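Remarks on the structure that follows.
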Amino acid sequence: MKTELSKTYNPQSIEKKIYETWEKEGCFRGVIDHDKEHFSISMPPPNVTGQLHMGHAVDNTIQDILVRFKRMQGYSTLWLPGTDHAAIATEAKIVEAMRQEGLSKEDLGRDKFMERAWAWKEKYGNRIVEQLRTLGTSCDWEREHFTMDEQCSKAVLEVFVNLYNEGKIYRGNRLVNWCPKCQTSISDAEVEYEEHDGNFWHILYPVKETGDFLEIATTRPETMLGDTAVAINPEDERYKKFHGCHVILPLINKEIPIVLDEHADIEKGTGVVKITPAHDPNDFEVGQRHSLPLVRCFTYDGKMTGAEDYQAYCDLKASGRMTENEPEVLDCGKYAGMTTQDARKAIVADLEALGLLKEIEPLKHDVGTCYRCHSTIEPMISKQWFVKMKSLAEPAIKAVEDGELRFVPERFTKIYLNWMRNTRDWCISRQLWWGHRIPAWFCQDCGELHVAKEAPTVCAKCNSTNLEQDPDTLDTWFSSALWPFSILGWPEETPDYNYFYPTNTLVTGYDIIGFWVSRMIFSGLAYTGKLPFDTVVIHGIVRDAQGRKMSKSLGNGVDPLEVIDQYGADALRFMLIQGCSPGNDIRYTDDKIIAMRNFTNKIWNASRFLLLNLSIDKVELPDTKDLALEDKWILSKLNQVTKEITQNLENYDMGIAAQKIYDFAWNVFCDWYIELSKIRLNGDDPVAKNNVEKVLAYVLTDILKLLHPFMPFITEEIFQAMGLTEGFLMCQSWPEYQEELNFSEVAQMESIMDMIKAIREVRAELKVPNSKKVQVTLVTGQTATYQNAEDYLIRLAGASSVTVTDSDLSDISGMASVTTADAKAYLPIAEMVDIEAEKARIQTEIEKAKKELSFFESKLGNPNFTSKAPQKVIDEIREKEAKVKSLIKNLEGSYNAL
RNA sequence: GGAGGCAUAGCUCAGCUGGUCAGAGUGCUUGCUUGACAUGCAAGAGGUCACUGGUUCGAUUCCAGUUGUCUCCACCA
């Protein structure tokens, strides 16, 4: 049933309706079909309380293109959507909302807080999911997951307990990146470095044995209270006399040793380094090497420690529950309770008063900040849970080195390998409440640690029932790392897991290769024994019109929802894909989105034209013998472009594929074929009209199919409006290349097209008005080719009639001439021709052609070329040479005749 | 400090495995109420493909170096 279309395309009225229909009819549902190959993708889960941004838009557009393409190719396709609990990000939002009500986490307590958090999730969790739908994402919502839902949590427990039992998870005092604002540890990957203006404070430490002073440069003088040594390089001649000596730590007058360690760089600073093992990762290493004590002088909320903190330490010590590397805690005395920043000022002032501050050297340096709140990170000794990375990383490195997993584009392999090879143990505990709670219980009586999937009721060691669960939760990436298989049911061997796992392709931005991709790879290998996917497609980020990163603080973000509302999801999708190369950043500009909106409108109107003219009731091609020249031409072109686009999509070259379908639909189909089709559509031969209708419908249908992965909405809408085929476009088969649809007549058609273009050119140049139709006389050796040209030239070149002859005209005075490689055309537009100008024009063309000719001749005359170049290339050049020669001959003929 | 990207028409960018491929969109100029579309049609101008070497019969394409620019990682005690 055909439907009439409006004059301009109006996406707003269409997209929502179509999406709802698809969803209602179950078009997105993944079906287990053992007769088919599967194609599955797990969607990078957006933050549950997040809002759709351009990054999501690119990521999901790429996935949707792949999924729709594969679905049409006949794969049993499953795209698994879901959301991430985004521990720290979400908790920060909830805490902020509570703060506005004057509440803190502690006010509520853990249970009440969690209730609020879940309520928050229920309230906002659906927002992003709804927003994704507006993009047209064809994911299976019936299989939607959440990283904290029952199934995912089960996988988390399984992995944690197994790893712990295998000794790959351990708990210990280590240096971690501590955010004093979020009051939690964060992983190395979550630290962002920002350049700050700071100082190098040069401090003098008196040497006890000799009475000399050692000059030490530091950017963090407030850490000196926690110094437990100073280090010099054993090879450093300047300081040899201090080997074995001690310094007196100023301000607190504590004696600490001078140690010899490679870490002290002779070239750098003064060559003497203060060692603060509890507050600096390098110093921690030095401390371990020299068995130095650990002294903590900061609290976890970013202040200097005081008497209470010291007392707590004494109590712990007295309880006998000290673990390895348990740090001492200093009572900072007059500095106690100050923020680290205030303490810095006070300490510098005091040192200066003592005459121990030698110099303040301004210095720009990078300061670690929290990726969420951008507070300065304080490295801190802290008791945390870690995943031992070495044995997990090895197979993950090997699999990629062996090519079992491929990054697209290839260059990201190196970034991944770099990350994996240098990765240190992963700190997985967070001092947050929103997340998966660590399945570890401590016996309050004997201190025994129990790790289990379910809470133990009694202590296995002392039979006490006084057990308490570790208060910490897991890094949000711990559950994301399991995503591709936890959402399929793992650790259960569910039908979904057995059929759809491993997934095929992962699509994500280069910014989370380390955070996420690498962790899924080692997790998949370690727990399922398989790579979670075989291809990782990496895309760039979307930048603003000036090329800046879109960010909240700059306020330069473009809201995809507004763009969709204004121009349609199809235009946005196409803009994000067309002409972009894999892995490169994309710039968002209004110009581009408007151009793409115009393209949707073009498609719309071409279809509208067809619908106004079609009287057929199904899509089928006429018999080959009934095909006109232009039919054979367009079918060959379509066939060719189908082959290329399919190939491009299979290679993940979506930008090129989109470019090609754009070009074919607009510049080939609309600009030429539709125009040519009007000859028969408006003619009086009903059989010819029926034939051209068939070809038009056939080609348009294939265009809709080829375009569908990129622009799902408009293509489906038109397909339905045409009413020639049962079912949804999204469920149709992908067009295939057919050898029998390659016709040799293409060259003929193109010769005629060359002539049309040449006539248009000369008409434009001679300012012949469009309304003026002229008689055209064609002189050619290829009369057969041009036999049918009359209709074409009348339609497209402003001809009133066409005469074809193979003999040169005797009298062409007063005629303008047009020359192509195999024909000349004469147009009686003498009254408008300035003979001299015409001569000059032809002369210029001759010169241009001669230049080309000499290029070919010099190539062909070069024996090195003819002997070494492949025959195909030589033949091509020969052909072109012949063509140019013929063109020159024709041109010269015209010139002489004038 | 380590790694990588980018440098092509005024602007924004494509260009796969080296061979007239110098391209698209937009902008600009000119002409069009051409019964699908002015969100359009037709014609045109515009580039030493950053610079210097090398490999090759041949380099925008491959290699090395230089310059400019952006990003990631590590780190400056």
Side-chain angles (χ1 to χ4, degrees), chain A residues 5 7-9 188-189 193 200 216-220 223 230-231 263-265 268-276 280-283 286 363 365-366 368 409 411-412 414-415 418-419 422 510-511 513-514 540-541 545 547 549 567 571 578-581 583-589 591-592 594-613 644 647-648 651 653 655-656 659 662-663 667 670-671 674-675 678 682 757 760-765 767-771 795-796 798 852 855-856 859 862-870 872-874 876-877 880:
Chain A
L5 303 181
K7 190 169 172 181
T8 51
Y9 176 53
D188 293 340
Y193 289 89
F200 239 155
I216 290 165
T218 178
T219 54
R220 295 194 302 152
T223 63
V230 295
H263 171 61
D265 188 334
K268 211 181 275 179
T270 60
V272 189
V273 197
K274 62 194 269 312
I275 301 297
T276 322
D280 182 281
N282 288 312
D283 293 2
V286 176
L363 174 80
H365 64 136
D366 289 345
R411 66 173 185 272
F412 290 102
K414 214 166 173 178
I415 295 187
N418 236 355
W419 166 276
N422 298 325
Y510 55 65
D511 46 339
I513 292 177
I541 57 171
K549 222 167 166 167
Y567 301 103
Q578 191 250 37
C580 297
S581 60
N584 283 2
D585 291 348
I586 300 151
R587 205 178 284 221
Y588 178 93
T589 62
D591 285 356
K592 260 195 245 178
I594 289 169
M596 293 310 124
R597 188 274 316 264
N598 293 352
F599 177 56
T600 58
N601 195 55
K602 185 72 184 178
I603 294 294
W604 186 255
N605 273 290
S607 308
R608 200 161 71 92
F609 169 77
L610 259 69
L611 287 174
L612 293 172
N613 285 284
E644 290 177 16
Q647 189 68 51
N648 291 141
N651 293 337
D653 282 325
I656 296 175
Q659 186 75 57
Y662 176 98
D663 179 65
N667 304 107
C670 290
D671 289 351
I674 288 188
E675 290 310 317
K678 291 174 182 172
N682 300 338
K757 282 186 267 188
R760 283 171 172 176
E761 188 181 330
V762 78
R763 286 178 60 114
E765 200 159 332
K767 307 245 186 293
V768 181
N770 285 6
S771 53
R795 187 85 216 168
L796 299 180
E852 258 182 80
F855 171 82
F856 296 136
K859 274 218 133 164
N862 181 351
N864 277 326
F865 174 73
T866 45
S867 64
K868 290 186 181 171
K872 188 171 156 258
V873 174
I874 297 172
E876 272 171 26
I877 302 255
K880 281 172 183 159

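Proteins get letters first, then strands, A, B, ... in listed order; numbering begins at 1 in each. Since this is a predicted model, take the numbers as computed values, not measurements.
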In whole angstrom, give me the gap between the [atom1] atoms of [N] and [M].
N	M	atom1	answer
rG46(B)	rC63(B)	P	33 Å
rG65(B)	rU12(B)	C1'	30 Å
rA14(B)	rA7(B)	P	7 Å
rA45(B)	rG1(B)	C1'	50 Å
rG10(B)	rU48(B)	P	8 Å
rG15(B)	rC21(B)	C1'	8 Å
rA24(B)	rC49(B)	C1'	15 Å
rU17(B)	rC75(B)	C1'	40 Å

Can you build the contact string for nucleotides 68-77 of chain B? Use B for base contact, S for sugar-phosphate-only contact, and - for no protein heavy atom under 4.0 Å. ----S--BBB
Per-nucleotide protein contact string for nucleotides 33-44 of chain B (B base, S sugar-phosphate only, - none; heavy atom under 4.0 Å): -B-BBSBSSSSS
For [X], which contact category applies under a 4.0 Å heavy-atom criterion: base, sugar-phosphate, or nothing?
X	answer
Ser581(A)	sugar-phosphate
Pro870(A)	base
Gly579(A)	sugar-phosphate

Rounded distance in Å - [atom1] ([X]) to [atom2] ([N]):
X	N	atom1	atom2	result
Ile877(A)	rU20(B)	CD1	P	7 Å
Gln578(A)	rA24(B)	CD	C1'	7 Å
Lys859(A)	rA59(B)	NZ	C1'	11 Å
Asn667(A)	rA24(B)	CG	P	9 Å
Ile513(A)	rG4(B)	CD1	P	14 Å
Gln659(A)	rA14(B)	CD	P	11 Å
Asp591(A)	rG25(B)	CG	P	13 Å
Asn651(A)	rU17(B)	CG	P	11 Å

For the residue pair [X] and [Y], what are the closest heavy atoms and their distance?
X	Y	result
Ile586(A)	Cys580(A)	CG1-SG, 3.9 Å
Tyr567(A)	Arg597(A)	CD2-CG, 3.8 Å
Ile275(A)	Asp283(A)	CA-OD2, 3.5 Å
Lys7(A)	Trp604(A)	O-CD1, 4.2 Å
Leu610(A)	Ile674(A)	CD1-CD1, 4.2 Å
Lys274(A)	Val230(A)	CA-CG1, 4.1 Å

Under the rule syn = chi within 90° of 0, otherwise anti, which is rG46(B)? syn
Find the distance between CD1 (Ile541(A)) and CZ (Arg587(A)) and round it off to the nearest 0.5 Å. 11.5 Å
Separation between CZ of Phe412(A) and CG of Asn418(A), rounded to the nearest 0.5 Å: 13.0 Å
Would a 4.5 Å heavy-atom cut-off, applied to side chains only, mark Thr276(A) and Arg220(A) as touching? no
Quick one: which of rG19(B), rG5(B), rA24(B) gets closest to the side chain of Phe865(A)? rG19(B)
Look at the side chain of Lys414(A) and decide which nucleotide, out of rA3(B), rA14(B), rG19(B), has an atom nearest to it. rA3(B)
Base-pair string, RNA chain B, Watson-Crick plus G-U, cut-off 3.5 Å on both distances, | for inter-strand, is (((((((..((((.....[...)))).(((((.......))))).....(((((..]....))))))))))))....
Starting at the 5' end of RNA chain B, which residue's closest nucleotide do you reach first, Thr589(A) or Thr866(A)? Thr589(A)
Per nearest nucleotide of RNA chain B, the residue lying toward the 5' end, Asn418(A) or Gly655(A), is Asn418(A)
Using only atom types and a distance under 3.5 Å, with no angle test, would you say the side chain of Asn651(A) pairs donor to acceptor with the backbone of Asp653(A)? no
Spell out, as yes or no, whether a donor-acceptor pair under 3.5 Å connects the side chain of Arg608(A) to the backbone of Thr8(A). no
Residues Glu761(A) and Lys757(A) bridged, charged N to O under 4.0 Å: no
Lys678(A) NZ/CZ over Phe609(A) ring centroid, <6.0 Å and within 45° of normal: yes
